[in-house]
Amino acid sequence: MEKPTLPKGTRDFGPAQMAKRQFILNHIRQVFQTYGFLPLETPAMENLSTLTGKYGEEGDQLLFKILNSGDFLKEADTTLMGNRDSKSLASVISEKGLRYDLTVPFARYVVMNRHDITFPFKRYQIQPVWRADRPQKGRYREFYQCDADVVGTDSLLCEAEIILMITEVFQRLNIADYTIKLNHRGILTGLAEVAHAQANESSLFVAIDKLDKIGEDKVRDELLTRGIDREGIERVFSVLNFKGTTADKQSFLQTQFAASPNGQKGLREVAEVLMLLQRYGGTAEHVEFDLALARGLSYYTGCIFEVKINHVAIGSVSGGGRYDNLTGMFGMPGVSGVGFSFGVDRLYDALEELAAFPQETTRSTTVLLAHFDEATRTFALGAAARLRARGIATEVYPDLVKIKKQLEFADKKKVRFTVVIGADELTSGQLTVKTMETGEQQKMTLEELIQRLG
RNA sequence: GUGAAUGUAGCUCAGUUGGUUAGAGCACCAGAUUGUGAUUCUGGGGGUCGCGGGUUCAAGUCCCGUCUUUCACCCCA
């Protein structure tokens with residue numbers, strides 16, 4: 001018999017992990033909902049025509065493709081097969097693929113339902129996505145994204161609300177030391193103008209985004225090899241190395257970007273977001289205006305965000321930004337959107353490292369009813385029904401086995417209370433209730449137990 | 001896609017210059033204890049040494065291939 005294994009880059013989540021994951025997801029979901037975001041789910045698979053061309057050439061290669069059903073080679077061109085032309089052959093034998101992210105399916109949904117959707121449309125989506133990447137630390141082939149996006153409004157209120165939601169989620173997750181990095185695409189463009197590097201803007205952004213990871217010297221090297229001249233590099237760093245408060249940075253950039261409409265727009269919008277945040281009564285205590293934040297992705301056009309947990313060696317746990325033309329790729333131009341997402345897996349690792357999961361997440365059933373024979377088990381069934389009716393998670397050990405075994409089971413399953421029901425208890429009505437954590441035992445009636453737990 | 005490491009019991013790992021019947025801890029099962037778990041003691045089950053080939057009198061150990069997992073780069077959550 002072959003030993004069963006998992007496909008590369010995938011994981012099982014056992015009960016203990018699920019409890020912790022759900023703790024995270026429930027808080028995220030609740031926060032999304034209190035800000036008026038509504039749930040959306042889309043199919044795991046999309047037509048390949050929907051997916052390809054949306055993530056660049058590299059992204060297309062990371063798409064998992066689904067083989068057509070039936071005799072999929074029947075229609076295939078024999079010359080393609082003869083030439084072993086995988087790329088062309090793939091488009092003939094595969095019409096569907098697994099979704100690569102939640103943003104493109106969302107755009108597809110918005111375009112398909114544009115007449116039924118009331119804009120501005122706020123949706124959140126928590127589902128797995130798949131990438132045929134080579135797995136590594138914190139990087140999987142199947143992982144969950146939790147996205148929240150608003151489409152159909154330019155208002156910077158949305159950006160301010162994103163900061164509020166991030167703050168609230170972290171508060172609920174009991175994470176205190178984190179930084180919400182905020183920047184604006186216009187400021188990056190202004191920076192490229194200052195450096196006279198408009199021509200290879202994206203090379204500039206990709207390189208400076210690595211600043212806090214690889215350091216200034218290596219970024220300088222990379223900028224040189226990417227064809228930005230020394231003078232430009234000096235100018236870039238003269239801006240990036242400016243230290244000071246957000247207000248200091250704003251007035252400094254005001255002079256730097258005097259001739260840059262893009263830079264001006266960026267500054268104006270960042271200022272407005274911070275102002276709106278304040279009017280909401282939100283705190284900017286965790287917000288850092290970070291000029292080097294670039295988030296490689298080229299489709300952002302306005303504010304960009306990234307959240308890092310301090311003193312935890314994990315990449316960003318959340319990120320997002322504004323994009324002006326999400327639905328344009330499906331022929332519906334002019335819809336502005338802003339969105340962000342939480343990386344559940346990384347939040348999980350971070351909480352584990354900070355030991356910040358509350359104890360409740362490790363508990364399971366509240367009460368186990370242990371018994372000695374047919375008669376006491378029968379009594380347990382009725383008792384279980386009454387406990388359950390009060391919403392108390394209860395189970396009856398199903399088999400007639402030794403009490404030792406039942407307690408062992410309760411211990412392993414981290415049940416909170418075991419109720420021992422024997423002949424004595426049956427006649428007196430005084431049940432033996434054992435608190436598993438302490439080992440203490442108390443006699444009480446079923447009524448008293450229900451009262452105490454309900 | 002590029003480069004590197006790894007693989008021995010369910011898990012974490014020992015295993016000498018190639019040399020008897022491959023070990024430990026944890027986990028699991030049973031008993032000590034016929035009304036009490038997590039602590040203690042005793043006993044037990046469990047291995048195609050990733051897979052395939054080669055060298056050798058002899059391979060867990062050396063060589064080649066292959067797969068897996070992990071790490072770094074690219075990119076990304």
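Within every chain, numbering begins at 1; the chains are lettered A, B, ... in the order of the sequence lines, protein sequences first and strands thereafter. Just so it is clear, the model here is predicted, and its values are computed rather than measured.
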Participant: Are A:Arg21 and A:Tyr144 in a cation-pi contact, defined as NZ or CZ under 6.0 Å from the six-membered ring centre and within 45° of the axis?
Facilitator: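 So A:Arg21 does make the cation-pi contact.
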Participant: Would you kindly compare A:Arg139 and A:Ile403 by the position of their nearest RNA chain B nucleotide and give the one closer to the 5′ end?
Facilitator: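 Between the two, 5'-proximity favours A:Ile403.
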Participant: Reading RNA chain B 5' to 3', what string of ( ), [ ], | and . shows its pairs, if Watson-Crick and G-U wobble pairs count only when both distances fall under 3.5 Å?
Facilitator: (((((.(..((((.....[...)))).(((((.......))))).....(((((..]....)))))).)))))....
Participant: Round to a whole Å and report the spacing from CZ of A:Phe417 to P of B:A38.
Facilitator: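 Rounded to whole Å, this separation is 20 Å.
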Participant: Using 4.0 Å as the upper bound for N to carboxylate O, is an ion pair formed by A:Lys308 and A:Glu288?
Facilitator: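 No salt bridge links A:Glu288 with A:Lys308.
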Participant: Please determine if A:Glu352 and A:Lys20 form a salt bridge, counting it only when a charged side-chain N lies under 4.0 Å from a carboxylate O.
Facilitator: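 Counted as a salt bridge, because a side-chain N and a carboxylate O are separated by less than 4.0 Å.
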Participant: By the 4.0 Å heavy-atom rule, please label A:Glu440 as base, sugar-phosphate, or nothing.
Facilitator: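 Answer is nothing: A:Glu440 stays at 4.0 Å or more from every strand.
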Participant: Mind checking A:Lys413 for me? I need base, sugar-phosphate or nothing, with any heavy atom below 4.0 Å counting as a touch.
Facilitator: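 Answer is nothing: A:Lys413 stays at 4.0 Å or more from every strand.
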Participant: Which of these passes salt bridge (charged side-chain N to carboxylate O under 4.0 Å, His left out) with A:Glu46: A:Arg99, A:Arg108, A:Lys54?
Facilitator: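 Considering A:Arg99, A:Arg108, A:Lys54, a salt bridge (charged side-chain N to carboxylate O under 4.0 Å, His left out) with A:Glu46 is found only for A:Arg108.
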Participant: Just the rounded figure in Å: distance from P of B:C76 to CD of A:Glu306.
Facilitator: 11 Å
Participant: Rounded to the nearest Å, what distance is computed from the CG atom of residue A:Asp60 to the C1' atom of nucleotide B:C74?
Facilitator: 16 Å
Participant: Go through B:U69, B:A38, B:A77 for me and flag the one nearest to the A:Asp411 side chain.
Facilitator: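 It is B:A38.
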Participant: Heavy atoms from C-beta onward define the side chain here; which of B:G35, B:G37, B:A77 lies closest to that of A:Asp424?
Facilitator: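 Looking only at side-chain atoms, A:Asp424 lies closest to B:G35.
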Participant: Return the value, rounded to whole Å, for the distance between atom CG of A:Leu6 and atom C1' of B:U69.
Facilitator: 12 Å
Participant: So if I take every side-chain heavy atom of A:Lys434 and compare against B:A77, B:G1, B:U36, which nucleotide ends up nearest?
Facilitator: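 Nearest to the side chain of A:Lys434 among the choices is B:U36.
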Participant: Specify the separation, in whole Å, of atom OH of A:Tyr100 and atom P of B:C75.
Facilitator: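 Computing the A:Tyr100:OH to B:C75:P distance gives 12 Å.
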Participant: Rounded to whole angstrom units, what separation is found between the CZ atom of A:Arg99 and the C1' atom of B:C76?
Facilitator: 18 Å
Participant: Quick one: do A:Glu448 and A:Arg452 make a salt bridge, cutoff under 4.0 Å?
Facilitator: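 No.
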Participant: Which whole number of Å gives the distance between the C1' atom of B:U34 and that of B:C13?
Facilitator: 41 Å
Participant: Distance check, C1' atoms only: B:A24 and B:G3, in whole angstrom units.
Facilitator: 36 Å
Participant: Can you figure out which of B:G3, B:C73, B:A77 approaches the side chain of A:Gln136 most closely?
Facilitator: B:C73
Participant: Say you pick atom P in B:A14 and the same atom in B:A9; how far apart are they, in whole Å?
Facilitator: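 Each nucleotide's P atom is 12 Å from the other's.
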Participant: Could you check whether A:Gln125 and A:Thr42, counting side-chain N and O atoms only, form a donor-acceptor pair closer than 3.5 Å?
Facilitator: yes
Participant: What's the gap between B:C51 and B:A32 when it is taken at their P atoms, as a whole Å value?
Facilitator: 41 Å
Participant: Mind checking what makes ring pair (Phe, Tyr, Trp, His ring centres under 6.0 Å) contact with A:Tyr397, not counting sequence neighbours?
Facilitator: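 Once residues adjacent in sequence are excluded, the partners of A:Tyr397 under the ring pair (Phe, Tyr, Trp, His ring centres under 6.0 Å) criterion are A:Phe409.
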Participant: Does A:Phe372 reach a base, just sugar-phosphate, or nothing at all? Heavy atoms under 4.0 Å.
Facilitator: base
Participant: Which nucleotide sits closest to the side chain of A:Pro135: B:U70, B:C75, B:U36?
Facilitator: B:U70
Participant: Do A:Glu425 and B:G35 have a side chain to base donor-acceptor pair shorter than 3.5 Å?
Facilitator: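 Donor-acceptor pair under 3.5 Å: yes.
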Participant: Given B:C75, B:U2, B:U36, which nucleotide is nearest the side-chain atoms of A:Arg134?
Facilitator: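 Taking heavy atoms from C-beta onward, the closest nucleotide is B:U2.
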Participant: Look at all strands and tell whether A:Ser341 reaches a base, only sugar-phosphate, or nothing, counting heavy atoms closer than 4.0 Å.
Facilitator: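 Answer is nothing: A:Ser341 stays at 4.0 Å or more from every strand.
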Participant: Quote, to the nearest angstrom, the C1' distance that separates B:G50 from B:U70.
Facilitator: 15 Å
Participant: Does B:C74 have OP1 or OP2 under 4.0 Å away from a side-chain N or O of A:Lys210?
Facilitator: yes
Participant: What is the nucleic acid contact for A:Gly439, judged by heavy atoms within less than 4.0 Å: base, sugar-phosphate only, or nothing?
Facilitator: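 If one applies the 4.0 Å heavy-atom cut-off, A:Gly439 turns out to touch a base.
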Participant: Rounded to whole angstrom, note down the C1' distance from B:A30 over to B:U69.
Facilitator: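 The answer is 36 Å between these two C1' atoms.
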Participant: Quote, to the nearest angstrom, the C1' distance that separates B:G10 from B:C64.
Facilitator: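 Those two atoms are separated by 32 Å.
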Participant: B:A30, B:G35, B:U69: which one has an atom nearest the side-chain heavy atoms of A:Lys8?
Facilitator: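 The closest nucleotide is B:U69.
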Participant: Run the salt-bridge test on A:Lys402 and A:Glu408 with the 4.0 Å N-O cut-off and return the result as yes or no.
Facilitator: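 Here A:Lys402 does not pair with A:Glu408 in a salt bridge, since their nearest N and O are not under 4.0 Å apart.
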Participant: Tell me which nucleotide among B:C74, B:A77, B:U33 gets nearest to the side chain of A:Lys404.
Facilitator: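 Within the option list, the nearest is B:U33.
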Participant: Between A:Glu437 and A:Lys405, who's closer to the 5' end of RNA chain B by nearest nucleotide?
Facilitator: A:Lys405
Participant: Identify which nucleotide among B:A77, B:C28, B:G35 has an atom closest to any side-chain atom of A:Thr432, counting heavy atoms from C-beta outward.
Facilitator: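 Of the candidates, B:G35 comes closest.
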Participant: Take the angle between the ring planes of A:Phe357 and A:Phe23 and call it parallel below 30°, perpendicular above 60°, tilted in between.
Facilitator: perpendicular
Participant: Just to be sure I understand the rule, does A:Phe409 reach a base, reach only the sugar-phosphate, or reach nothing, if contact means heavy atoms closer than 4.0 Å?
Facilitator: nothing
Participant: Any Lys/Arg nitrogen of A:Glu222 or A:Lys218 sitting under 4.0 Å from an Asp/Glu carboxylate oxygen of the other?
Facilitator: no
Participant: Could you tell me how far apart A:Leu407 (CG) and B:A38 (P) are, to the nearest whole angstrom?
Facilitator: 9 Å
Participant: For A:Lys414 and B:G37, what is the distance between atoms NZ and P respectively, to the nearest whole Å?
Facilitator: 17 Å
Participant: Out of B:U36, B:G37, B:A77, which nucleotide sits closest to the side chain of A:Gln145?
Facilitator: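 Of B:U36, B:G37, B:A77, B:A77 is nearest to the side chain of A:Gln145.
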Participant: How far, in whole Å, is B:C62 from B:G19 if one measures between their C1' atoms?
Facilitator: 14 Å
Participant: Do NZ/NE/NH1/NH2 and the carboxylate oxygens of A:Arg11 and A:Asp345 come within less than 4.0 Å?
Facilitator: yes
Participant: For a quick test of reading the model: is some side-chain N or O of A:Lys402 closer than 4.0 Å to OP1 or OP2 of B:G31?
Facilitator: yes
Participant: Answer with base, sugar-phosphate or nothing: what part of the nucleic acid does A:Gln406 contact at a heavy-atom distance below 4.0 Å?
Facilitator: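 Nothing, no heavy atom under 4.0 Å.
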